[in-house]
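One structure is given below, encoded as structure tokens.
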Protein chains: 2
Amino acid sequence: MKALDAIDRRILTMLQANGKATNKEIAGVLGMSITPIYERIKKMEEAGYIKAYAAVVDRDLLGFKLVAYCNVQLKEHSKEYLEQFESQIASLEEVSECYHIAGMFDYLLKVHVQDVEAYRAFLADKLAALDNIGNVQSSFVMKPVKWQLSLPVE
Amino acid sequence: MKALDAIDRRILTMLQANGKATNKEIAGVLGMSITPIYERIKKMEEAGYIKAYAAVVDRDLLGFKLVAYCNVQLKEHSKEYLEQFESQIASLEEVSECYHIAGMFDYLLKVHVQDVEAYRAFLADKLAALDNIGNVQSSFVMKPVKWQLSLPVE
DNA sequence: TGTGAAAGACATCGCGA
DNA sequence: TCGCGATGTCTTTCACA
């Protein structure tokens with residue numbers, strides 16, 4: 001697929017804001033008929049520009065009262081150790097995101113738990129249970145100031 | 001709305017994985033008919049358990065080659081300064097997430113930009129242009145190890 | 001590429017158990 | 001609360017400009 005044009009990008013913006021927007025709605029806003037909208041979306045899905053559609057749930061209502069970002073420094077940095085750590089971390093359900101980062105730490109984890117006690121249990125029983133964990137520094141989210149899934153594609 | 005039961009949670013799991021899953025598909029998996037699925041989803045939408053539906057786009061394909069987490073320490077911490085910083089940050093399109101955190105810094109920003117130069121420009125022209133910015137420490141994402149939007153609701 | 005129309009699938013809403 | 005059936009809407013495809 002070629003690069004996206006302005007129309008594709010406007011469609012993406014609308015779908016990021018509302019994944020259930022109908023082709024008809026989009027066509028109406030863009031002043032086009034339904035078919036080209038349908039075909040453009042299909043192509044962007046096939047080309048991977050649109051990776052998925054998802055329902056966004058409310059963390060608080062579902063009882064995940066505590067979100068923490070957890071910076072981790074490993075002791076050993078050989079390839080085997082990194083791969084081992086990554087596969088172990090990926091299997092922890094509390095960890096929704098994990099990045100290998102460049103900076104003062106090796107990995108950054110985003111952790112969702114019910115409360116502070118659950119976070120303590122996560123650190124003590126799961127994270128610290130892994131070999132090779134060096135320094136760990138946690139930041140607790142007190143207030144989300146901004147959260148948007150969408151990227152400014154236009 | 002009362003608390004979610006096991007069926008609601010299974011529905012949420014499916015919708016988090018695929019926001020376009022049809023009621024028919026879900027009904028089939030859960031061994032129920034379409035109507036109760038439809039009504040349960042409707043109730044979860046109205047009660048706010050489901051906040052939105054969104055298309056998930058591919059950052060890399062769209063040219064956002066650099067993701068950075070940026071820890072910010074402010075100089076002044078009076079209410080007015082915090083509110084001013086938050087409203088200014090929220091208007092920056094590079095910032096997809098911003099949290100007021102407890103820990104070694106005051107705020108954590110997630111920043112999406114095209115490349116390192118764009119990040120430098122963001123820091124120099126936008127972030128540093130704000131009053132009241134003290135210490136700033138950035139971590140660059142080298143490799144996403146795990147990324148999931150969904151929460152383990154079951 | 002885009003438009004318009006037609007067929008099929010789905011969401012939505014009564015009614016009954 | 002759930003299951004079934006009717007209706008309107010959307011998706012999907014096809015012929016054509």
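First the proteins, then the strands, lettered A, B, ... as listed; each starts at 1.
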Inset, instruction - Report yes or no: do A:Tyr81 and A:Glu86 form a side-chain donor-acceptor pair below 3.5 Å? - result: no

Inset, instruction - Could you tell me the separation between the CD1 atom of B:Ile26 and the P atom of D:dC2, rounded to a whole number of Å? - result: 14 Å

Inset, instruction - Nearest whole angstrom, please: distance from the P of C:dT1 to the CG of A:Leu4. - result: 12 Å

Inset, instruction - Using atom CG of B:Asn18 as one end and atom P of C:dC10 as the other, report the distance to the nearest whole Å. - result: 13 Å

Inset, instruction - Could you tell me the separation between the CG atom of B:Leu30 and the P atom of D:dT1, rounded to a whole number of Å? - result: 16 Å

Legend entry - nucleotides 11-17 of chain C: protein proximity per nucleotide (B base, S sugar-phosphate only, - neither; heavy atom, under 4.0 Å): SBB----

Legend entry - Whole-Å distance separating the CZ atom of B:Arg40 from the C1' atom of D:dC2: 9 Å

Inset, instruction - Among Ile, Leu, Val, Met, Phe, Trp and Tyr joined by side-chain contacts under 4.5 Å, find the other residues sharing a cluster with A:Met142 and list them by chain and number. - result: none

Legend entry - Gap in Å between the two P atoms, one belonging to D:dT12 and one to C:dT12, rounded: 16 Å

Inset, instruction - Please check if any side-chain donor atom of A:Tyr99 sits under 3.5 Å from a side-chain acceptor atom of B:Ser139, or the reverse. - result: no

Inset, instruction - State which of D:dT1, D:dC2, C:dG2 makes the closest approach to the side chain of A:Pro36. - result: C:dG2

Legend entry - Donor + acceptor pair across side chains of B:His77, B:Asp106 (<3.5 Å): yes

Legend entry - Between C1' of D:dC4 and CD1 of B:Ile37, the distance in whole Å: 15 Å

Legend entry - Partner residues of A:Glu94 under the side chain to side chain donor-acceptor pair (under 3.5 Å) criterion, sequence neighbours left out: A:Lys126

Legend entry - Atom-pair distance (CD on A:Glu45; C1' on D:dT11), nearest Å: 12 Å

Inset, instruction - Classify the side-chain pair B:Glu154/B:Thr13 by whether it contains a donor and acceptor separated by less than 3.5 Å. - result: yes

